[in-house]
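Values reported hereafter were calculated over all heavy atoms of this structure, with side chains retained and with hydrogens, waters and symmetry mates removed. Since we're looking at a predicted model, the values are computed, not measured. Just so it is clear: chains get the letters A, B, ... in the order the sequence lines come, proteins before strands, and each one is counted from 1.
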Amino acid sequence: MDSEKPRNFIQQIIERDLSAGVVTQIVTRFPPEPNGYLHIGHAKSICLNFGLAEQYGGACHLRFDDTNPEAESEEFVNAIIEDVRWLGFAWHGPVRYASDYFEQLHAWALHLIEAGKAYVCELTAEQIRDYRGTLTEPGRPSPYRDRPVAESLALFEAMRAGEVEEGCMALRARIDMASPNINLRDPVLYRVKRVAHHRSGTRWNIYPSYDYAHGQEDAIEGVTHSICTLEFEDHRPLYDWLIDNLPVPSRPRQYEFGRLNLNYTVTSKRKLRQLVAEGDVDGWDDPRLPTLAGLRRRGVSPAAIRAFCDSLAVAKTDGVVDMAQFEHFIRADLNESAPRALCVLRPLRLRLTNWPAAEIQTLRLPNHPQRPQLGERELAFGAALYIDRDDFSTDTSLSRKRFKRLVLGDWVRLRGAYVIRAEDVVRDAAGEVVEVLARIEPDTLGADPPAGIRPRGVIHWVDAGTAVDCEVRLYDRLFAEPDPEAAGDFRQALNPESLQVRQGCKAESTLAGAVPGAALQFEREGYFCRDPRAGERLVFNRTIALRDTWARQGGEG
RNA sequence: UGGGGCGUCGCCAAGCGGCCAAGGCAGCGGGUUUUGAUCCCGCCAUUCGGAGGUUCGAGUCCUCCCGCCCCAGCCA
C-alpha cells in the first residue's frame with residue numbers, strides 16, 4: 001500500500017510468484033478454529049491475510065477450521081464472524097468451513113490407504129506416544145503399520161460407522177518413524193470422536209486432524225499462500241507430503257510468520273478461556289481483555305487496531321511488542337475522532353458568589369479544538385458548579401509550576417468559560433472541604449483576563465443544575481507484570497486495580513444521550529465510551545487515559 | 001551428543017557486500033497551547049549475540065561458538 005514501506009518477506013514472495021507467473025491471482029485465508037473469541041493476535045493475522053489479498057488484487061477467504069467438535073461451537077462461529085466484520089474486512093465468497101469438505105477429505109483418506117500411505121493403527125494414545133520415540137531417539141513402527149490395505153479399509157469404514165470406541169483406532173499416515181521431524185513419524189490423520197458436530201451433526205464418528213485437513217482445505221479453495229504462525233514451521237514437510245501424495249486440485253504453499261505478543265496481557269485462547277471461566281473477568285468481552293469483543297466494548301476502534309497491526313513487522317522473529325505501542329495507536333485515532341466533553345469524576349461543589357443565583361448562561365463549546373468541522377455544543381453555566389476534588393487545593397504554598405489548578409486565593413480558568421478566583425471554602429464537621437466559594441472575573445469568556453490576573457491553568461467543570469449522574473469505570477492493564485506467564489501461574493500476576501468503578505460522577509448534560517460505543521474524550525481525563533452493555537444506565541468505560549507527562553514525571557493528580 | 005527457527009538502540013524493526021546503520025514506540029530537552037492533551041523542533045546504536053576468516057570493502061559471505069523460541073496431543 002505505502003510505497004515507502006519496505007516489503008516484508010511474504011510480500012516479496014508474492015511479488016516473485018506473481019511476476020514469475022507461478023500464480024496469476026493470489027488467494028489467502030483466515031482460518032480460525034471456533035473454540036474461543038478472536039484477540040488482538042488474530043487481528044494481526046486478519047490484517048495480514050485480508051491486506052495482502054487487497055493489495056495484490058486477490059481474494060481472502062474466511063474459513064473455520066472446525067475439525068474438533070469437542071471444543072467448538074456455533075457461539076464462537078458467530079462471535080468470530082461479527083469480529084471480522086467489525087474490523088472492517090469482507091471475505092471473498094461465502095463463509096467456509098472445513099466441515100464442508102469432510103466428504104472429500106474422507107475420500108482422499110481412502111486414496112492414501114489404497115496407495116499404502118496410510119493405515120489404521122490400533123495402538124492406544126499412550127502406546128502411540130511410546131512408539132513415537134523421543135526428540136533424540138527414533139520411533140518404532142507400529143505393529144499395524146504393514147497390515148493389508150483391505151484390512152485398513154474395512155477398519156476405517158468401521159471407525160466411520162461408529163462401530164469403534166474412541167481411542168482404540170486411528171488412521172495414520174505411513175511416512176517415517178525415524179524422521180528427526182516428529183511430525184513425520186506416522187502422524188494421526190483421523191481419530192474416532194463419537195460426538196456431534198455443530199454443523200455436520202451426528203453424520204460423522206471420525207474427524208480429520210488439523211495436519212491432515214488444513215492443506216487439503218487450502219488446495220480445495222485454491223489458496224495460493226497459506227500463512228500461519230511460526231510453530232507450524234515443523235509441520236510444513238507434512239503439509240507438503242500430503243499435497244504431494246493426494247490428487248488435490250491446486251498446490252498451496254505454507255509460509256510462517258511470527259505471531260504478535262504484547263506485554264502486560266495474554267494472547268492465548270487457553271489462558272483467555274481460563275480467565276473467563278474462573279470469573280477473573282466479566283466475560284469474553286470484558287474491556288480489560290485483548291479480545292476484539294473486549295477492545296470494542298472498551299472503545300478501541302477498528303481503525304486503531306488496523307493501524308497498529310499495519311505498523312507491526314511481518315517477519316520470522318517472535319518478539320514482544322510493548323503495550324505502549326498499541327496504546328499510541330489507540331490515542332492517535334481517538335484524538336482525531338473523539339468529540340470532547342466535560343465530566344467530573346470526583347465532584348466537589350463550587351459556588352460562584354458573584355453570579356446571580358438564578359441566572360443561567362448558555363455557553364457554546366467546540367467539540368474539538370483542532371477540528372471545527374465537528375461542530376459545537378451548548379452548555380448551561382450557572383452559579384452552582386462541580387469541579388474535580390483533585391483540581392482544588394487549600395495549600396497556598398503550592399507553586400504555579402507544580403500545581404496548575406485551583407488554589408485558595410488564586411485564579412484558574414474554567415475550560416471554555418470564565419476565569420475564577422477561589423475565595424473561601426465550606427467544611428463539614430469533619431473538616432473536609434465540601435464546597436468552594438469563588439468569584440468570577442467578568443469579561444473573561446473567550447478573552448484574556450486583565451493584566452495582573454494570571455490563571456494557574458485550566459480545569460474542567462460541570463453545571464450542577466443540568467449535570468447528569470453517571471458511573472465511570474476506569475480500566476487499567478489486566479496484569480501488573482510485563483510477562484504474566486513468567487513466574488508460573490499467570491493469574492498470580494493479575495493487576496488488582498485493573499478496574500476502578502466511580503459512582504456519582506457528574507457529566508455535562510449532552511452526555512445523557514451518549515451513543516453506546518461512540519468515542520468521547522472527557523477533557524483532561526481520557527477517552528471514554530458509553531458501555532453498550534449497561535442498558536439505560538449511564539455508564540462510561542474509559543478506553544485509555546490521556547498521555548500524562550506530568551504524572552509520569554512524578555507529578556500528582 | 002534430534003529436528004526446525006531466530007539473534008541490529010529499553011521495545012518493535014529496515015538493511016538482500018560499497019555514501020556518516022532507516023523508521024515507529026518509549027525516553028529526554030525546548031517551543032506553541034483556554035485539555036499538565038494535541039501539535040512543532042531537537043537529542044537518543046563509531047555499532048549490528050561472540051570470536052575468527054574471505055574481501056580493496058561485511059550487519060550483509062564462510063567457519064566455529066553462545067543465547068533464545070518451537071516440536072515427543074487421537075489440540076489447532
K.L.:
Rounded off to whole Å, could you give me the CD1-to-C1' distance for the A:I206 and B:C75 pair?
P.N.:
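So the two atoms are 18 Å apart, to the nearest Å.
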K.L.:
From CG of A:N261 over to P of B:C25, roughly how many Å is that when rounded to an integer?
P.N.:
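Atom CG in A:N261 sits about 21 Å away from atom P in B:C25.
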K.L.:
Output the single nucleotide from B:C11, B:C74, B:U35 whose closest atom is nearest the side chain of A:V458.
P.N.:
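Nearest to the side-chain atoms of A:V458, counting from C-beta on, is B:U35.
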K.L.:
Which nucleotide wins on minimum distance to the side chain of A:R405, given the candidates B:U35, B:C75, B:G36?
P.N.:
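The answer is B:G36, which lies nearest to the side chain.
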K.L.:
For a quick check of understanding: with a heavy-atom distance under 4.0 Å over all strands, which category does A:Q370 fall into, base, sugar-phosphate or nothing?
P.N.:
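Answer is base: heavy atoms of A:Q370 come under 4.0 Å of a base.
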K.L.:
For B:G73, does the O4'-C1'-N9-C4 (purine) or O4'-C1'-N1-C2 (pyrimidine) torsion place it in syn, i.e. within 90° of 0, or in anti?
P.N.:
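This nucleotide is in syn.
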K.L.:
Determine whether more than 12 heavy atoms belonging to other residues, nucleotides or ligands lie under 6.0 Å from atom CD of A:E74.
P.N.:
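12 or below, so no.
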K.L.:
Could you tell me if the ring centre of A:Y239 sits under 6.0 Å from that of A:H235?
P.N.:
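Distance test on ring centres: not under 6.0 Å, no.
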K.L.:
Which nucleotide, B:C74, B:G2, B:A14, lies nearest any side-chain atom of A:R191?
P.N.:
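Selected nucleotide (nearest to the side chain): B:C74.
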K.L.:
Rounded to whole angstrom units, what separation is found between the CG atom of A:D211 and the P atom of B:A76?
P.N.:
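Result: 8 Å.
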K.L.:
Once you apply a heavy-atom cut-off of 4.0 Å, does A:H460 come out as touching a base, just sugar-phosphate, or nothing?
P.N.:
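It contacts nothing in the nucleic acid.
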K.L.:
Could you tell me the separation between the CG atom of A:D176 and the P atom of B:G4, rounded to a whole number of Å?
P.N.:
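Atom CG in A:D176 sits about 14 Å away from atom P in B:G4.
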K.L.:
Decide if atom CZ of A:R477 counts as having more than 12 heavy atoms of other residues, nucleotides or ligands within a radius under 6.0 Å.
P.N.:
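Yes.
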K.L.:
Using atom CG of A:L379 as one end and atom P of B:U35 as the other, report the distance to the nearest whole Å.
P.N.:
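Result: 17 Å.
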K.L.:
In whole angstrom, give the distance that lies between atom CZ of A:R340 and atom P of B:U38.
P.N.:
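Distance check: A:R340 CZ to B:U38 P gives 11 Å.
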K.L.:
Look at all strands and tell whether A:L123 reaches a base, only sugar-phosphate, or nothing, counting heavy atoms closer than 4.0 Å.
P.N.:
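Base contact.
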K.L.:
Return the value, rounded to whole Å, for the distance between atom CD of A:E231 and atom P of B:G73.
P.N.:
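So the two atoms are 16 Å apart, to the nearest Å.
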K.L.:
Considering only B:U38, B:G36, B:A72, which nucleotide approaches the side chain of A:W550 most closely?
P.N.:
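Selected nucleotide: B:G36.
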K.L.:
Give A:F232 one of three labels, base, sugar-phosphate or nothing, depending on what nucleic acid heavy atoms sit under 4.0 Å from its own.
P.N.:
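Result for A:F232 = base.
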K.L.:
To the side chain of A:T317, which of B:G7, B:C71, B:C16 is closest?
P.N.:
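Closest nucleotide among those given: B:G7.
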K.L.:
Which whole-number value in Å describes the distance from A:L406 CG to B:G36 P?
P.N.:
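Between P of B:G36 and CG of A:L406: 14 Å.
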K.L.:
Kindly point out which of B:A72, B:G5, B:C25 is positioned nearest to the side chain of A:E233?
P.N.:
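The closest nucleotide is B:G5.
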K.L.:
Can you tell me which nucleotide in B:C74, B:C25, B:G15 comes closest to the side chain of A:A324?
P.N.:
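Nearest to the side chain of A:A324 among the choices is B:C25.
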K.L.:
Counting only heavy atoms not in A:R194 (residues, nucleotides, ligands), do more than 12 fall under 6.0 Å from its CZ?
P.N.:
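More than 12 heavy atoms, drawn from other residues, nucleotides or ligands, come within 6.0 Å of this atom.
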K.L.:
Is the distance from the ring center of A:F156 to that of A:H106 below 6.0 Å?
P.N.:
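Between A:H106 and A:F156, which both carry aromatic rings, the centre distance is below 6.0 Å.
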K.L.:
Hey, is A:Y210 doing a stacking thing with B:A76, by the 5.5 Å centroid and 30° angle criteria?
P.N.:
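The ring of A:Y210 is not stacked on B:A76.
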